[in-house]
Amino acid sequence: MTEASGESGRKKSRRTLLAHAGRHPFAQEGFVNTPVYRGSTVLFPTAEDFERHRQPYTYATKGTPTTRGLEEAWSELSGATTTVLAPSGLAAIALALMTATKAGDHLLVTDSAYGPTRIFCDGVLKRFGVETQYYDPRLGAGVGALMRENTSAILAESPGSLTMEVQDVPAIAAAAAARGACVILDNTWATPLFFPPFERGVDINVEAGTKYLSGHADLLLGLVSANAKWATRLRNSFDAFAMVPGGDDAFLALRGLRTMELRLREQQRAGLEIAQWLEGRSEVLRLLHPALPAHPDHALWKRDFSGAAGVFSVVLNPAPKPCVDAFLNALTLFGIGYSWGGYESLVIPFDCARSRTATCFAPEGPCLRFSIGLEDVEDLKADLAAAFERMGAAAASL
Ligand SMILES: *Cc1c(COP(=O)(O)O)cnc(C)c1O
């Protein structure tokens, strides 16, 4: 695991950092955790203080000790110059894009981007005069050839949503840097623990804290971090929008942060074990999991990542829809629902053939995305095995 510098000179591991970052107990009467600050107004002792704004907090849209604690911890963890929060992962993506583009610009977005990211680009950004062009996530340095005079930003997401293509972020960053464009990465899957964005050349890193940071499916949150070059512009657009999360969500995210490494490691282990088990099932055609050697981007994942999250997809052998539905409906431990990264296992069917425009995703069978939670792996396998049996029975009765 990548090391972070400690004050003693000895390098502290990220795991230690997660336990200590963003906490200031003696600013809170010694209490270990910063409490939830619910507030709007912050009082100034005198007229002169008001005029000079010479105190750390001035109004709650600009931050409270709870939100600043989280920003500080996330910056330390990801190696960022600054971090701002947003009320959801999607709001964080919108903020990053509004920071890096302006009317008249050309924007390159990976074809494998999270669906709502596309909706934001094709709707709001288009209305504001930014033209989005989608690119093949496997293009790597080839994105350079798509860049125009007015290309101001490249958005990457690695691995891509649902289809799990790993992107060559360092090569994309080198191509962007040569032309002065901003590289934005949606790093939600790996988190800074498994992919250190700024060491790989990213300018603005986005994380849906809703997923692994929360870890408990109990909040919505986004984090946007920037390197020194983009920090001021990011902070300025954050201040202009004042899209701030509530203190309770920041508090819960800080609580999630303390165990994030443990959960991710366990979900990596369980996810791989279940993926390998699925690989051996006759109902399964192939796995879309970058940590499996058969994945086409496995070498790239191995080069750039230090771990894998517990989220992956599966292409089933061709089966009629009622059989896939029978499989999903028979699951008792896996819930059918959006989002992921919580302690509870989830599954969704997906068909993204029509939403891709730069590439052709034509799977040979029905697709499912799994998020492995913290349940016992043998129990999860038994649940899947029983559901496959129901699927077989449904096929026999058609
Ligand atoms: C879920 C998700 C988001 C959005 O997060 P929300 O908090 O649900 O808005 C963004 N990017 C990726 C890759 C995601 O999986």
Side-chain angles (χ1 to χ4, degrees), residues 70 74 78 83-98 109-125 134 137 155-167 169 183-195 197 202 204-225 241 243-246 248-250 252-253 256-257 260 264 267 271 288-290 301 305 308-313 335-342 344-348 350 352 355-356 367-373:
L70 180 57
W74 201 257
S78 47
T83 297
V84 299
L85 306 183
S88 70
L90 184 56
I93 290 164
L95 188 63
L97 288 168
M98 294 299 260
V109 173
T110 175
D111 209 28
S112 59
Y114 174 64
T117 298
R118 293 181 83 104
I119 295 171
F120 182 78
C121 292
D122 297 343
V124 176
L125 281 189
Y134 295 95
L155 187 140
E157 184 184 320
S158 182
S161 278
L162 304 170
T163 44
M164 308 297 289
E165 300 91 342
V166 179
Q167 296 197 253
V169 171
V183 176
I184 303 170
L185 174 69
D186 184 336
N187 196 27
T188 300
W189 184 84
T191 82
L193 284 172
F194 288 161
F195 186 92
V202 169
I204 297 183
N205 187 64
V206 175
E207 182 83 23
T210 307
K211 311 288 169 58
Y212 283 113
L213 174 57
S214 150
H216 294 73
D218 55 1
L219 65 92
L220 290 164
L221 194 84
L223 305 99
V224 192
S225 308
F241 279 104
M243 284 197 291
V244 295
D248 293 86
D249 291 335
L252 286 174
L257 183 79
M260 189 171 79
L264 258 173
Q267 284 164 308
L288 306 177
H289 191 316
W301 171 82
F305 292 69
V311 174
F312 59 86
S313 298
I336 304 169
Y338 289 116
S339 201
W340 41 264
E344 81 293 11
S345 291
L346 295 173
V347 62
I348 51 164
F350 69 90
C352 59
S355 56
R356 301 289 159 94
C367 298
L368 304 173
R369 186 199 55 205
F370 288 94
S371 172
I372 305 304

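Counting starts at 1 for both ligands and their atoms, in listed order. Just so we're clear, the structure is a prediction, and the values are computed from it rather than from any experiment. Along the sequence shown, residues carry numbers from 1.
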Hey, is [X] touching ligand 1 through its side chain, its backbone, both or neither, going by heavy atoms under 4.0 Å?
{"X": "Asp186", "value": "side chain"}
{"X": "Trp189", "value": "neither"}
{"X": "Ile93", "value": "side chain"}

>> Determine whether the aromatic ring centres of residues Phe370 and Trp340 are separated by less than 6.0 angstrom.
In response: no

> Among all protein non-hydrogen atoms, which one is nearest to atom 15 (O) of ligand 1, and what is the separation to 0.1 Å?
Replying inline: Lys211 NZ, 2.6 Å

> atom 8 (O) of ligand 1: which protein heavy atom is closest, and how many Å away?
Replying inline: Tyr114 OH, 3.9 Å

For [X], take its heavy atoms, then give the atoms of ligand 1 lying under 4.0 Å from any of them.
{"X": "Gly89", "answer": "4 (C), 5 (O), 6 (P), 7 (O), 9 (O)"}
{"X": "Thr210", "answer": "6 (P), 7 (O)"}
{"X": "Trp340", "answer": "15 (O)"}
{"X": "Glu157", "answer": "13 (C)"}
{"X": "Leu90", "answer": "4 (C), 5 (O), 6 (P), 9 (O)"}

> Can you tell if the side chain of Phe350 reaches within under 4.5 Å of the side chain of Ser313, non-hydrogen atoms only?
Replying inline: yes

> Going from CG on Leu213 to CG on Leu70, what distance comes out if it is rounded to the nearest 0.5 angstrom?
Replying inline: 6.0 Å

> Say you draw a straight line from CG of Leu155 to SG of Cys121; how long is it, rounded to the nearest 0.5 Å?
Replying inline: 7.0 Å

>> For His289 and Trp189, take the angle between the two ring planes, folded into 0 to 90°, and tell me which bin it lands in: parallel under 30, tilted 30 to 60, perpendicular over 60.
In response: perpendicular

> Mind checking whether Ala208 has an N or O less than 3.5 Å away from an N or O of ligand 1?
Replying inline: no

>> Show, in sequence, the C-alpha distance, side-chain angles and deciding distance for Thr188 and Tyr114, and conclude whether the side-chain contact (heavy atoms from CB on, under 4.5 Å) test is met.
In response: CA-CA 10 Å; Thr188 300; Tyr114 174 64; over 6 Å; no

>> As a quick check of understanding, evaluate side-chain contact (heavy atoms from CB on, under 4.5 Å) for Asn187 and Phe194, giving each step before the final call.
In response: CA-CA 9 Å; Asn187 196 27; Phe194 288 161; over 6 Å; no

> Yes or no on side-chain contact (heavy atoms from CB on, under 4.5 Å) for Leu125 and Met98, after CA distance, side-chain angles and deciding distance?
Replying inline: CA-CA 8 Å; Leu125 281 189; Met98 294 299 260; 3.8 Å; yes

